[in-house]
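See below for the structure under consideration.
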Amino acid sequence: MSIISKDIKKAISLLSADKLVAIPTETVYGLAGNIYSKKAINLIFETKKRPFFNPLIVHIPSPDALKNIVSYVPEKAKLLADAFWPGSMTLVLKKQSTIPDLITAGKDTVAVRIPNHPVTLELLKQLPFPLAAPSANPFGSISPTKPEHVERYFKNNIEQVLDGGACTNGIESTIVGFENNEPIIYRLGALALEDIEAVVGKVTIKNKKEVSPDAPGMLERHYAPLTKTFLTDDVSEEIKKHRGKRIGILTFKKDLKNDSVTTQIILSKKGNLQEAASKLYESMHDLDHQNLDVIIAEKFPGFGLGKSINDRLKRATYSS
Ligand code: TXA
Ligand code: MG
């Protein structure tokens, strides 16, 4: 029997009993548990096989709930919250002492966001506690953007995927931390850098593990398909290197019409970056299940969501 269901009451009773429920958000599906339940939080790490040094994001229903989570909100964080919540932006701020160390990996900061999905907003409003929710995939694999992806990963581990349909944004939230009250981007994501800069001015990006031990989740290889994947500016050239193999192609808007290619996915024929982002992980899931020898992905334009998409593709690939 499928574990996918729209039953919010069931989700409430599972979560209230220290169990996990996969929840829809506008970015990706999350594997959610009560932030104050040691049992539930341990179960999140165990189920995902996630190392304990990688902290979790707390999901709240409204700006009002923020005061229970964080102890200080810099002026520019207020501006960003007003502009983009509910939405695909996570703020990393000084935590309240009541936030368990297990959530923050012992750090004095906590990551928090208000997701923009009607089903999960309703769930959060009805629950007496916030939800910790990392993406609902085993550690290191592709994030889920449809309830079926979560079911495939975790049907033997959890009792419910709360059905909210396909995720509209399709890549994870943009994570913004603060140093000396100035915003720093720790993870590029579904909210474009330019949108953030339009509100608070120029921001620094510390998107790499080496420069940002502060964002311990940012491993070099992550979001990875099992099929060997290459990222390139010149797809036709890369195809030549893999002649005779079963090749899958992932392009932005180009139709390659190349005979040596087994499968081709074009992310947005219109060249719309938002549409491409929303289909990115689903397409990687698809290609990864077609018994290919290699996947060749085309580099995106380096602005707007293209920059965030390139970040994910880089982490998924062997660059050539
Ligand atoms: O869109 C999203 O953000 C999704 C949905 C479900 O909300 N969640 C998500 O969670 O992507 P996860 O666990 O896959 O990624 C959380 C990221 C990690 O890279 C982690 O290192 C970072 O947030 N993070 C969490 N707490 C942090 C903190 N206190 N300081 C710096 N980075 C933090
Ligand atoms: Mg993740």
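Numbering starts at 1 and runs along the sequence shown. Whatever order the structure lists them in is the order used to number ligands and atoms, beginning at 1.
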Atoms of ligand 1 less than 4.0 Å from [X] heavy atoms?
{"X": "Ala133", "result": "6 (C), 8 (N), 10 (O)"}
{"X": "Lys107", "result": "28 (C), 29 (N), 30 (N)"}
{"X": "Arg50", "result": "12 (P), 13 (O), 14 (O)"}
{"X": "Ile175", "result": "17 (C), 22 (C), 23 (O)"}
{"X": "Thr109", "result": "28 (C), 29 (N), 30 (N)"}
{"X": "Arg187", "result": "2 (C), 3 (O), 9 (C), 11 (O), 15 (O), 16 (C), 17 (C)"}
{"X": "Ala111", "result": "25 (C), 26 (N), 27 (C)"}

Applying a heavy-atom cut-off of 4.0 Å, say which part of [X] lies close to ligand 1: side chain, backbone, both or neither.
{"X": "Asn54", "value": "side chain"}
{"X": "Glu172", "value": "both"}
{"X": "Thr104", "value": "neither"}

Between [X] and ligand 1, does any nitrogen or oxygen pair lie at a separation below 3.5 Å?
{"X": "Lys48", "value": "no"}
{"X": "Thr25", "value": "no"}
{"X": "His59", "value": "yes"}
{"X": "Tyr186", "value": "no"}

Do [X] and [Y] come close enough that some side-chain heavy atom pair is under 4.5 Å?
{"X": "Pro301", "Y": "Leu273", "result": "yes"}
{"X": "Leu256", "Y": "Gln264", "result": "yes"}
{"X": "His242", "Y": "Asp293", "result": "no"}

My understanding is that we take every heavy atom of each candidate and find the minimum distance to [atom]. Doing that for [options], which one comes out nearest?
{"atom": "atom 4 (C) of ligand 1", "options": "Thr120, Val28, Asn137", "answer": "Val28"}
{"atom": "atom 14 (O) of ligand 1", "options": "Ser88, Ser135, Ala136", "answer": "Ser135"}
{"atom": "atom 10 (O) of ligand 1", "options": "Pro134, Ser143, Ser173", "answer": "Pro134"}

Interatomic distance, [X] atom [atom1] to [Y] atom [atom2] [nearest 0.5 angstrom]:
{"X": "Ile60", "Y": "Leu124", "atom1": "CD1", "atom2": "CG", "result": "9.0 Å"}
{"X": "Phe139", "Y": "Lys49", "atom1": "CZ", "atom2": "NZ", "result": "12.5 Å"}
{"X": "Ile185", "Y": "Met89", "atom1": "CD1", "atom2": "CE", "result": "10.0 Å"}
{"X": "His117", "Y": "Asn169", "atom1": "NE2", "atom2": "CG", "result": "10.5 Å"}
{"X": "Lys10", "Y": "Ile3", "atom1": "NZ", "atom2": "CD1", "result": "8.5 Å"}
{"X": "Asn34", "Y": "Ser16", "atom1": "CG", "atom2": "OG", "result": "8.0 Å"}

Return yes when Arg113 approaches ligand 1 closer than 4.0 angstrom through a heavy atom, no otherwise. yes

Does any N or O in the side chain of Thr174 come within less than 3.5 Å of the main-chain N or O of Gly189, such that one atom is a donor and the other an acceptor?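 Yes; judged by distance alone, with no hydrogens or angles, the pair exists.
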
His149 ring center near Tyr281 ring center (under 6.0 Å):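 Here the rings of Tyr281 and His149 have centres that are no less than 6.0 Å from each other.
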
Are Asp82 and Lys78 within salt-bridge range, i.e. N to O under 4.0 Å?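 So Asp82 does not pair with Lys78 through a salt bridge.
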
Report whether any nitrogen, oxygen or sulfur of Ser135 sits less than 2.8 Å from the Mg ion (ligand 2) (N, O or S, backbone or side chain). yes

